[in-house]
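Worksheet for the structure shown next.
When reading the values below, keep in mind they use all heavy atoms of this one structure, side chains included, and skip hydrogens, waters and symmetry mates. Every chain is numbered from 1 and lettered A, B, ... according to where its sequence line falls, protein lines coming before strand lines.
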Amino acid sequence: MAYWLMKSEPDTFSIDHLAKRPGKTEAWDGVRNYQARNFMRSMSRGDEVFFYHSNCDEPGIVGLMRVRTEAYPDPTQFDSKHAHYDPGSKPEEPRWSLVEVEFVRKLRRTLTLNELRGHAERLKGLALVMRGSRLSVMPVRPEQWKFILSLEKKDPSPSARGE
DNA sequence: GCCAACGTTGGC
DNA sequence: GCCAACGTTGGC
């Protein structure tokens, strides 16, 4: 059992999109970064994942989901009409993978990037809070997973609220 | 919309 | 194999 974090732009696909389909799986397609792909390939059914909203008004962790399949080739890489089409990828040797995920729950509040950055010591090594990191799929250490989840029950500090 | 930081591409 | 140019990510 491992823990992960995956980013999505809510304008494209948000936690509410996922929440509308409880019990169903959703293909996490469109990952076009080798490091992120490799992390997806090392996922197992049952792994838990933080859903992170990026490139939006309030970037942060907004929910939980669960991995439902092993990684398999992302079909959008072969679709010439698709935004994520990759003409360099051959069906006999697919370059990009995806996993399917299911909705678990929304968090009671958004754990903002700003708030998470305020816990630099506890979250040391987490790619999300590392300077310059743009990784969209990353592992979360178990103790860090627990710590982040525990923040849900607390009020964010004034500084984390941007005050 | 800006732009820093990063990843990829391709000429050499 | 180097590295400049380019494209993308994503916070602000």
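Put simply, CD on A/Glu9 is 8 Å from C1' on C/dT9, counting in whole angstrom units. One can place CG of A/Asp11 at 13 Å from C1' of C/dG10, the figure rounded to the nearest angstrom. One can place CE of A/Met130 at 16 Å from P of C/dG11, the figure rounded to the nearest angstrom. For the pair A/Met6 CE and C/dT9 C1', the computed distance is 17 Å after rounding to whole Å. Between A/Leu128 atom CG and B/dA5 atom P there is a gap of 17 Å when expressed in whole angstrom units. For A/Leu135 and C/dG10, the CG to P distance is 9 Å, given to the nearest whole Å. Going from atom CG of A/Asn33 over to atom C1' of C/dT8 covers 11 Å, rounded to whole Å. Atom NE2 of A/His84 is separated from atom P of C/dT8 by 11 Å (rounded to the nearest Å).
Taking the nucleotide of DNA chain B with the nearest heavy atom to each of A/Asn55 and A/Gln35, the more 5' of the two is matched to A/Asn55.
Comment: A/Asp47 does not engage A/Arg66 in a salt bridge, judged by the lack of any side-chain N to carboxylate O separation of less than 4.0 angstrom. For the pair A/Arg109 and A/Glu115, the salt-bridge criterion is met [side-chain N within less than 4.0 Å of a carboxylate O]. Looking at A/Arg141 and A/Glu143, a side-chain N of the basic residue comes within less than 4.0 Å of a carboxylate O on the acidic one, giving a salt bridge. Under the 4.0 Å criterion applied to side-chain N and carboxylate O atoms, A/Arg68 and A/Glu100 are not assigned as salt-bridge partners.
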How far apart are the C-alpha atoms of A/Arg32 and A/Thr76, what are their side-chain angles, what is the distance that settles it, and do they pass the side-chain hydrogen bond (donor to acceptor under 3.5 Å, both in side chains) test?
-> CA-CA 11 Å; A/Arg32 296 292 183 268; A/Thr76 65; 2.9 Å; yes
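Within 4.0 Å (heavy atoms only), A/Arg131 reaches sugar-phosphate atoms of the nucleic acid but no base atom.
Within the 4.0 Å cut-off from OP1 or OP2 of C/dG11, at least one side-chain nitrogen or oxygen of A/Tyr52 is found. A/Lys7 has no side-chain polar atom (N or O) that falls below the 4.0 Å cut-off from OP1 or OP2 of C/dT9. A close approach under 4.0 Å does occur between a side-chain nitrogen or oxygen of A/Arg117 and OP1 or OP2 of C/dC12.
Which of C/dT8, B/dT8, C/dG11 sits closest to the side chain of A/Arg134 comes down to C/dT8.
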